[in-house]
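Have a look at the structure below before the remarks.
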Amino acid sequence: MIGVGKMKQYSNVLDKPLNKGKQEVSLSAFAFLFSELVQYNQTQVDNIAELERRLEDAGYAVGARVLELLCHREKGNRKETRLLGILSFVHSTVWKVLFGKVADSLEKGTEHEDEYMISEKELLVNRFISIPKDMGTFNCGAFVAGIVRGVLDSAGFPAVVTAHFVPMEGQQRPRTTILIKFAEEVLRREARLGG
Amino acid sequence: MPAAAPRSGDAIFASVEHVNAELFTLTYGAIVRQLLTDLEEVDEVNKQLDQMGYNIGIRLIDEFLAKANVSRCVDFKETAETIAKVGFKMFLGVTASVTNWDADGTCCSIVLEDNPLVDFVELPDTCQGLYYCNVLSGVIRGALEMVSVHED
């Protein structure tokens, strides 16, 4: 029988030493796993909005844990309290750890005070995915949007995060933009702290 | 024309693109969590993980054969060794070892010392009996079936 036995457990997983985070797996292993995630969710839902929501929820769990891990390992347990601080943390540190590079750009929305955008020419999760025409505007970046939302929420900056395709001049594949809209309370707090 | 020499697992792993193992681990954790919420029964989740692994395996074998350049394995022993040394190294970046051969040479265990899937994972009491890494057995089953090794 091909089966999997139980592994030897440390008495408490929290006692295991935290590794340096340099371990890597092949990109195709991740791509296969991610495609299974999407395919499984497709069987569970009836429409695109549900599918995006489920991917986002999956990403949310990842994001919350990534924040804990990175705060502990990279920043010596110091947490960001300012808006720009947490945004640049996501844009640089989180992106670097998860995707091996900092995000392409971080912009402030021009129309609304509470909107910011992180853009990426080719999101890792979208690299091997092609969206059939009948799925309209569905974007697997919803998973990454979920990760960002998880990080922000766990850091105390609740926000609504979504992923969008933005067609670019002269480029075959559209850019992906993660749109972050912060909650009221975050802006109020920021105003209070900012003076 | 002589066949090219088989490449070692390390060499192939070095030549493919990498992604952070923690992203991989956390994504897998998210999948298992989703399954547990949806299916609730541990046995159902095990089956689903195996099925997902199978789907991955039947596609993964193509990439493996293309990159690894291994000649046809003569017997099951060689197959198991190849899976452990080349296959696991190439995709997960870890080397497994083959142990526990039975008398016939038809049954063995592949042991992973350092499994990226299970970093940071602790199974709660409600989930005892969950084969957390069942996806791996599905992958192996799918891959072997594609190269016509039928096994239980």
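Chain A is the first sequence line, chain B the second, and so forth, proteins listed ahead of strands; every chain is numbered from 1. From a predicted model like this one, the values you see are computed outputs, not experimental measurements.
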Do Q34(B) side-chain atoms and R54(A) backbone N/O form a donor-acceptor pair below 3.5 Å?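 Indeed, once roles are kept as given, a pair shorter than 3.5 Å links the two residues.
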
Within the structure provided, determine whether [X] and [Y] are in side-chain contact (heavy-atom separation under 4.5 Å).
| X | Y | answer |
| --- | --- | --- |
| Q44(A) | D38(B) | yes |
| L35(B) | Y40(A) | yes |
| I147(A) | L23(B) | yes |

Please flag which part of D57(A) lies under 4.5 Å from any non-hydrogen atom of chain B: side chain, backbone, both or neither.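 Neither part; nothing is under 4.5 Å.
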
Looking only at non-hydrogen atoms, find the nearest pair between [X] and [Y] and report the distance.
| X | Y | answer |
| --- | --- | --- |
| A30(B) | V62(A) | CB-CG2, 4.2 Å |
| F91(B) | S28(A) | CE2-OG, 3.4 Å |
| V19(B) | L98(A) | CG2-O, 4.2 Å |
| V66(A) | L26(B) | CG2-CD1, 3.4 Å |

Is atom NZ of K181(A) surrounded by more than 12 heavy atoms (other residues, nucleotides or ligands) closer than 6.0 Å?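 Result for NZ/K181(A): enclosed.
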
So which pairs with a foot in residues 48-70 of chain A pass ring pair (Phe, Tyr, Trp, His ring centres under 6.0 Å), sequence neighbours left out? none

Distance from [X] atom [atom1] to [Y] atom [atom2], nearest 0.5 Å?
| X | Y | atom1 | atom2 | answer |
| --- | --- | --- | --- | --- |
| L37(A) | I31(B) | CG | CD1 | 4.5 Å |
| L27(A) | H18(B) | CG | NE2 | 9.5 Å |
| K96(A) | N20(B) | NZ | CG | 10.5 Å |
| F88(B) | S26(A) | CZ | OG | 12.0 Å |

By a 4.5 Å heavy-atom criterion (distance strictly below it), what part of Q51(B) contacts chain A: side chain, backbone, both, or neither? neither

When only heavy atoms count and the cut-off is under 4.5 Å, which of residues 53-60 of chain B reach chain A? N55(B), I56(B), R59(B), L60(B)

Can you tell which of R33(B), E63(B), Q48(B) has the highest number of heavy-atom pairs within less than 4.5 Å of chain A?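 Top count of heavy-atom pairs under 4.5 Å with chain A: R33(B).
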
